[in-house]
Amino acid sequence: MSERTLNEIIDQRKEKIKTLVADGINPYPHKYDRSHTVTDALDQFDDIEGKEGIRLAGRLMSRRVMGKASFANIMDGSGRIQLYLSREELGVDVYTMFKHLDIGDFIGVSGLLMTTRTGEKTLKVLELTLLSKNIRPLPNVKEKDGQLFDGFEDKEQRYRKRYLDLIVNPDVKETFIKRARIYKSIRNFFDTHDYLEVETPILQPLYGGASARPFKTHHNSLDMELFLRIADELYLKRLIIGGFEKVYEFSRNFRNEGMDRTHNPEFTAIEWYEAYVDYFFLMDQVEAIFKHLAHDLGQDVFEFNGHEIDLTKPFHRATMAELVQQYAKVDLSTADAVDLLAVCRENKIDAATDANYGQLLDALFDELVEPNLIEPTFVTEYPKAISPLAKPKRDSDGTFVERFELFIAGAEFANAFTELNDPIDQRERLEAQSALRSAGDEEAQTLDEDFLQALESGMPPTGGVGMGLDRLVMLLTGNRSIRDVLLFPQMRPESKG
RNA sequence: GGUCGCGUAGCUCAGCUGGUAGAGCAGUUGACUUUUAAUCAAUUGGUCGCAGGUUCGAUCCCUGCCGCGAUCACCA
């Protein structure tokens, strides 16, 4: 649409390139030696003010031409600085070339730092080099005192052309810098606790470790179907079996499900496993990681989903049954599946007539409890029926397993269990899942014979946690959409109607 | 997938109860040696998301489609 107009501008700029080349100017030179980044130069201003030979480079972001003198701003990866250019200092040819530059061009500038009449630290330019000519106009954003005018705000365009979003919307850059700091902080936590960072297959012959529909692909040489992993759990357990006692992996997972504000087809989770520990240990550890993150980010309180969350306060703990009893107002000491189904119906909660006790309890929890869990809360003791990889609760009748999920602001942040290491029990449970699949439940887990054989070789008592990283970044950066914390979120292809 | 909303110049937006479009910035040309959303003057630029329908006439009303957003459903 309106390609013609845009093409006119592009054609004009291509003409400019021809003119430059005719004048002996290379519009795309190979390098430029900087003496400072913009921010370094500004930080060291007092020491280097007035010295010649300060060499900066960056993208031209604005320009104010006043006859024989001009001001401009360039931006590099560290920040922005104002330039002062005069015909007298630069000479007619270079000054004229400057006047014909476009916003979006990269330039190298050499000169000296000075302060303007209005007190702004500025580079007086003595030499100017074109570093890369822009031919496609950038979104036109004006900026004053950090405030943006006429911004680049179309969400669709921002996601599709993230590079433009990053150029003109500084807070977007901040989000992804923070994301990297969060990763670094988590790595640091595990590395200092003697965990081994590992990589396991993304292409898997069978998918497991979670309940979700997979993406399928095909390997030509082997002529076999492969799946993109939905989780790395079963491979990390194989490593525990193999003798690594503490492992973690940042796992890009792929789930062939719906997309919305909190779901992207590919997302990142971190999973970690440690031999000889149980879920009580893991709860303390997860809480420690959140406090470690808050410390590293230098922030205690985070605003998320309209709530203020203080991560330094102790996290709550309650069993799923206690919470359902409290919020659904049902006496679980006497209630059976029939009673729970009745409560579901009373609350207009969708539940299959043949759903079992565990599934019904989970349904009630999802609907009536989850949205109320604002303060960080560990929910413990999940029904075995919905936890095929978790170990039954010790000293109990086996209805519940040793599992917890962490909820903050009504959203789930971590899922962990004392891992099931009884190979006979595990086989039975996966066979039951397999039966559910045969009955049409596409999200029931697969029976991974190789994994079961691994378990039969013996896995020590083990605790494991999975934590969604994207959601964590949303919490810690105050973003309400997963697309705002993914550099390149999945989008539908653009088409012309 | 359901419901609601949105889609007009490169960007941000106007456009009345239907009469085939405007502004600011960006671009182009000119003026200007301390500006900073620079200013001043002139000027280029549009298949109004796409396709149908109603109408003498549609950016506007109707239907379908495409894309985005919100929400619900689904989703360890």
Side-chain angles (χ1 to χ4, degrees), chain A residues 1-13 15-16 61-73 80 82-89 95 99-100 102-104 114-120 122 124 134 136-145 147-161 164 168 208-213 230-231 233 253 255-265 267 269 271 350 362 366 382 386-390 403 405 412-417 442-443 445 465-468 471 480-481 483 489 491-497:
Chain A
M1 56 185 157
S2 58
E3 282 297 323
R4 212 176 65 135
T5 310
L6 180 57
N7 282 338
E8 278 170 6
I9 294 175
I10 290 173
D11 286 344
Q12 279 171 355
R13 295 191 183 181
E15 283 304 315
K16 284 184 182 179
M61 296 302 289
S62 66
R63 203 165 34 146
R64 296 172 291 285
V65 177
M66 299 159 303
K68 300 184 186 67
S70 298
F71 288 92
N73 289 79
R80 278 173 181 255
Q82 178 170 263
L83 309 178
Y84 173 77
L85 309 95
S86 71
R87 196 174 75 176
E88 191 179 330
E89 306 275 6
Y95 189 71
K99 286 206 288 183
H100 288 93
D102 290 293
I103 286 168
M114 61 167 204
T115 307
T116 63
R117 191 183 285 172
T118 54
E120 181 162 352
T122 299
K124 180 195 262 190
N134 164 298
R136 186 175 290 271
L138 299 181
N140 163 32
V141 176
K142 296 280 183 175
E143 179 261 337
K144 186 189 185 183
D145 302 331
Q147 203 186 341
L148 298 179
F149 298 84
D150 291 348
F152 179 50
E153 289 170 355
D154 185 303
K155 284 261 185 196
E156 181 179 355
Q157 289 307 315
R158 290 177 53 193
Y159 296 142
R160 288 189 194 280
K161 301 189 172 178
L164 296 178
V168 301
S211 303
R213 289 178 310 196
I230 59 173
E233 170 154 358
N253 296 333
R255 297 189 185 174
N256 209 338
E257 310 275 1
M259 293 161 57
D260 63 22
R261 212 177 61 219
T262 57
H263 296 85
N264 195 69
F267 66 99
E271 291 201 24
D350 210 15
D362 187 48
D366 276 357
Y382 278 65
I386 58 165
S387 313
L389 301 169
R403 171 181 178 185
E405 292 191 337
E412 181 198 329
F413 280 83
N415 180 28
F417 353 112
E442 279 191 81
E443 289 182 350
Q445 302 208 10
V465 185
M467 196 157 80
R471 216 169 276 180
R480 40 182 289 119
S481 169
R483 290 184 158 182
M491 301 289 281
R492 277 200 174 79
E494 264 180 312
S495 72
K496 305 233 169 182

| request: For the side chain of M114(A), starting at C-beta, report the closest nucleotide among U34(B), C11(B), U33(B). | output: U34(B)
| message | Nearest 0.5 Å, please: how far is CD in E412(A) from OG1 in T262(A)? | response | 10.5 Å
| Is there a side-chain polar atom (N or O) of R64(A) under 4.0 Å from OP1 or OP2 of U35(B)? | no
| request: Pick the C1' atom in C75(B) and in U71(B), then give their distance to the nearest Å. | output: 16 Å
| When you check every protein heavy atom under 4.0 Å of nucleotides 23-28 of chain B, what one-letter string (B, S, -) results, 5' to 3'? | -BBSSS
| said: For a quick check under 3.5 Å, do Y382(A) and E405(A) share a side-chain donor-acceptor pair by atom type? | reply: yes
| said: By the 4.0 Å heavy-atom rule, please label V65(A) as base, sugar-phosphate, or nothing. | reply: base
| request: Under 4.0 Å between any heavy atoms, over every strand shown, what does Y159(A) touch: base, sugar-phosphate, or nothing? Just pick one. | output: sugar-phosphate
| query | Would you say the side chain of E120(A) and the base of U34(B) hold a donor-acceptor pair, judged only by whether the two atoms sit under 3.5 Å apart? | reply | no
| request: Please state whether the base of U33(B) and the side chain of Y95(A) form at least one donor-acceptor pair under 3.5 Å? | output: no
| request: Would you give the length of the straight line joining atom CZ of R136(A) to atom CG of N7(A), rounded to the nearest 0.5 angstrom? | output: 7.5 Å
| note | Going 5' to 3' through nucleotides 71-76 of chain B and flagging B where a protein heavy-atom sits under 4.0 Å of the base, S where only the sugar-phosphate is that close, and - otherwise, we get S-BBBB
| message | Take a 6.0 Å sphere around CD of E88(A) and say whether it holds more than 12 heavy atoms from other residues, nucleotides or ligands. | response | no
| task | Measure the shortest side-chain to side-chain distance between Y95(A) and E89(A) over non-hydrogen atoms and say whether it is less than 4.5 angstrom. | result | no
| query | In whole angstrom, what separates L6(A)'s CG from G45(B)'s P? | reply | 15 Å
| note | Output for pair (E143(A) CD, N73(A) CG), nearest 0.5 Å, gives 7.5 Å
| Pair E153(A) + R158(A), salt bridge at N-O below 4.0 Å | no
| Given the C1' atoms of U17(B) and A23(B), what is the spacing between them in whole Å? | 24 Å
| field | Nearest-Å distance once atom C1' is located in both G10(B) and G53(B) | value | 33 Å
| query | What distance, rounded to whole Å, do you find between the two P atoms, one in G45(B) and one in G24(B)? | reply | 16 Å
| Do N415(A) and R403(A) have a side chain donor and acceptor closer than 3.5 Å? | yes
| What distance, rounded to whole Å, do you find between the two P atoms, one in C61(B) and one in A76(B)? | 42 Å
| field | Dot-bracket encoding of pairs in RNA chain B, which uses [ ] for pseudoknotted crossings and | for another strand, Watson-Crick or G-U under 3.5 angstrom | value | (((((((..((((.....[..)))).(((((.......))))).....(((((..]....))))))))))))....
| said: Does R492(A), at its CZ atom, have more than 12 non-hydrogen atoms belonging to other residues, nucleotides or ligands within less than 6.0 Å? | reply: no
| request: Could you tell me the separation between the CD atom of Q82(A) and the NZ atom of K124(A), rounded to the nearest 0.5 Å? | output: 13.5 Å
| said: When the P atoms of G18(B) and U3(B) are compared, how many Å lie between them, rounded to an integer? | reply: 27 Å
| message | From CE of M66(A) over to P of A37(B), roughly how many Å is that when rounded to an integer? | response | 13 Å
| query | Atom CE in M61(A), atom CG in L83(A): separation rounded to 0.5 Å? | reply | 12.5 Å
| message | Whether the side chain of Y84(A) engages the backbone of T115(A) through a donor-acceptor N/O pair (distance < 3.5 Å, no angle test) should be reported. | response | no
| request: Looking at every strand, decide which applies to E143(A) at a 4.0 Å heavy-atom threshold: base, sugar-phosphate, or nothing. | output: sugar-phosphate
| query | Which part of the nucleic acid does R483(A) contact within heavy-atom distance under 4.0 Å: base, sugar-phosphate only, or nothing? | reply | sugar-phosphate
| message | Whether the side chain of T116(A) and the base of U35(B) hold a donor-acceptor pair under 3.5 Å is what I'd like checked. | response | yes
| query | Heavy atoms under 4.0 Å, any strand shown: does R492(A) hit a base, just sugar-phosphate, or nothing? | reply | sugar-phosphate
| Taking atom CD1 of I103(A) and atom CG of N134(A), what is their separation to the nearest 0.5 Å? | 9.5 Å
| If you pin G151(A) and Q82(A) to their nearest nucleotides in RNA chain B, which one's is more 5'? | G151(A)
| field | Inter-nucleotide P distance (U35(B), G30(B)), Å rounded | value | 24 Å
| query | How far, in whole Å, is A14(B) from G7(B) if one measures between their C1' atoms? | reply | 15 Å
| Of S62(A) and R87(A), the one whose closest RNA chain B nucleotide lies more 5' | R87(A)
